[in-house]
Amino acid sequence: MSPCPNRFSFLEGYIEESVDILKRHFHIVCHKDFLQNPALHGPKIQAVFMWNCCPAAEPSLLKSLPSLKVITNGGVGIDHLDVSLINSFGVKVANTPGVVSDATADIAMGLLLASARNIVEYNMIAVDPKTNYVPQNLMGVEVTGSTLGIIGMGDIGYKIAQRSKGFNMRILYHNRNRRSAEDEQAVGATYCKNMDDLLKESDFVALAVSLTSKTTGLIGRRELSVMKPTATLVNVSRGLVVDQDALVEALRSGTIRAAALDVTHPEPLPRDHPLLSLPNALITPHIGTNTFATTMKMVERMVENAVAAVKGLPLPDEVKLK
């Protein structure tokens, strides 16, 4: 498709190579430039490309964009978007499902392995200029043959199960809807209708749910107390799925062995937050989709949705209220 300079959009925080994809189809207005002269740019904007929840889709912004047709979000989670409000302005919402699943499942397994085998701690020992011997008492836990419980068996959860099969892990899962028998057999997964059954038996619990009113605080003090004292909690969903105060207590008291988190609330955590000082908490700054290939795929999908909206065609990934 040839470039169309009459299509305007604005964006913030994209890598240079992905901006080239956007420029093939849209004239780009950076958010900061828009803010300096909204009267000039506002009437031209037809698409907003949202990255890392920016720019915020507040009513004041929506009111200043009379020609806006779509907000397309980089990523699957849309808990930061008031879809009903946006739709009330005659604006559609799209996200990028599917293309983020592999990279997110990869980071889940990376966190699990790093936490289980104390990889960060051993790296610090290995590079410390004072190190002249390697202590043998920093023992990890076995991953191969252990039990993994996956809460949220959508696309990402299922891909975590696929990867876990390579470690000969016993896979349990809890989901709003049970997967097909074929899906279960393909990864050797067992469905747990009661989430507590999964929590009681799992050596690792991986969270891969969408953030909704029902999943906010899904893992709290009671749920953590049901887990094994040797268990590790892995979260690649959203920070608010876990009661962080309860998690701090559980990690300090030994209620569970460890937590490996790619998401927190807020992001980043305040620098004095207790999670940051706990030796059994491994935290990465929401990097689940941060690979070059996945980023480019996300932007390409965002552009597909935006172009469809501008042309008045059905959006491949429109988010619709249920």
Side-chain angles (χ1 to χ4, degrees), residues 50-53 73-81 83 95-115 148-164 171-177 179 189 192 195-196 198-199 202 204-224 226-227 231-248 250-251 256 258-269 273 275 281-291 294 298 319 322:
M50 182 173 286
W51 198 260
N52 292 333
C53 304
N73 180 69
V76 180
I78 45 89
D79 48 276
H80 56 291
L81 294 171
V83 178
N95 60 353
T96 60
V99 297
V100 304
S101 301
D102 280 315
T104 306
D106 286 349
I107 203 68
M109 289 305 298
L111 285 167
L112 187 156
L113 290 164
S115 179
L148 171 65
I150 301 173
I151 300 177
M153 196 64 140
D155 199 31
I156 293 171
Y158 194 75
K159 288 183 179 292
I160 293 172
Q162 289 176 326
R163 286 150 177 75
S164 305
I171 301 167
L172 308 177
Y173 79 96
H174 174 76
N175 200 46
R176 181 175 52 187
N177 299 308
R179 304 280 305 215
C192 295
M195 189 173 74
D196 281 6
L198 178 150
L199 295 173
S202 298
F204 300 92
V205 175
L207 305 177
V209 298
S210 300
L211 181 63
T212 66
S213 58
K214 292 183 179 180
T215 61
T216 299
L218 181 68
I219 302 299
R221 187 171 286 103
R222 190 196 70 80
E223 289 75 23
L224 291 164
V226 173
M227 293 172 62
T232 298
L233 180 70
V234 179
N235 189 8
V236 294
S237 55
R238 286 290 188 268
L240 284 172
V241 172
V242 178
D243 179 337
Q244 287 181 167
D245 291 337
L247 180 59
V248 168
L251 292 171
I256 64 172
L261 315 170
D262 187 43
V263 289
T264 60
H265 182 77
E267 293 175 348
L269 288 171
H273 196 284
L275 270 177
L282 173 60
I283 303 174
T284 51
H286 206 151
I287 58 170
T289 61
N290 280 24
T291 71
T294 294
M298 289 167 67
V319 176
K322 296 180 179 179

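Of all non-hydrogen atoms in Ala208 and Ile156, the two that sit nearest each other are CB-CG2, 4.2 Å. Across Lys159 and Ser101, no two heavy atoms sit closer than the pair CD-CB, 3.5 Å. The two residues Gly220 and Asp243 make their nearest non-hydrogen contact at CA-CB, 3.9 Å. Nearest heavy-atom pair across Ile107 and Gly288 is CG2-CA, 3.6 Å. Here the closest heavy-atom approach between residue Asn95 and residue Pro97 is recorded as OD1-CD, 3.3 Å. Closest non-hydrogen pair, Gly74 versus Met298, comes out as C-CE, 3.4 Å.
Here the CE-CG distance, from Met109 to Leu148, works out to 7.0 Å after rounding to the nearest 0.5 Å. We find the CG-CE distance between Leu172 and Met195 to be 13.0 Å, quoted to the nearest 0.5 Å. The CD atom of Glu223 lies 11.0 Å from the CG atom of Leu233; values are rounded to the nearest 0.5 Å. Rounding to the nearest 0.5 Å places CG of Leu240 at 9.5 Å from CZ of Arg238. Interatomic distance, CD1 of Ile219 versus CG of Leu199, reported as 5.5 Å (0.5 Å rounding). Rounding to the nearest 0.5 Å places CE of Met153 at 9.0 Å from CD1 of Ile160.
For Thr291 (side chain) and Thr294 (main-chain N/O), a donor-acceptor pair under 3.5 Å exists by modelled atom type. Judged purely by atom type and a 3.5 angstrom limit, Gln244 uses its side chain to pair as donor or acceptor with the backbone of His265. The main-chain N or O of Ser210 is never found under 3.5 Å from a side-chain atom of Ser237 such that the two would form a donor-acceptor pair. Remark: the backbone N or O of Gly110 is not paired with any side-chain donor or acceptor of Asp106 at under 3.5 angstrom.
Residues Ser202 and Met227 form no side-chain contact, since every pair of their non-hydrogen atoms from C-beta on lies 4.5 Å or further apart. Side-chain atoms of Met50 and His80, non-hydrogen and from C-beta on, do get closer than 4.5 Å to each other. No side-chain heavy atom of Leu261 sits under 4.5 Å from any side-chain heavy atom of Leu111.
Applying the side-chain contact (heavy atoms from CB on, under 4.5 Å) test between Ile256 and each of Leu251, Val205, Val226 identifies Leu251 as the sole match. Results of the side-chain contact (heavy atoms from CB on, under 4.5 Å) test with Asn235 over Ile151, Leu207, Asp262 single out Leu207 as the only residue that passes.
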Could you go step by step and tell me if Ile171 and Gln162 meet the side-chain contact (heavy atoms from CB on, under 4.5 Å) rule? CA-CA 10 Å; Ile171 301 167; Gln162 289 176 326; over 6 Å; no

Walk me through it: do Val248 and His273 pass the test side-chain contact (heavy atoms from CB on, under 4.5 Å)? CA-CA 10 Å; Val248 168; His273 196 284; 4.3 Å; yes

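With Tyr173 as the aromatic partner, Arg179 does not meet the cation-pi criteria of under 6.0 angstrom to the ring centre and within 45 degrees of the ring axis.
His286 meets the side chain to side chain donor-acceptor pair (under 3.5 Å) test with Glu267; sequence neighbours excluded.
Contact check on Asp196 versus Arg222 returns a salt bridge, with a Lys/Arg side-chain nitrogen under 4.0 Å from an Asp/Glu carboxylate oxygen.
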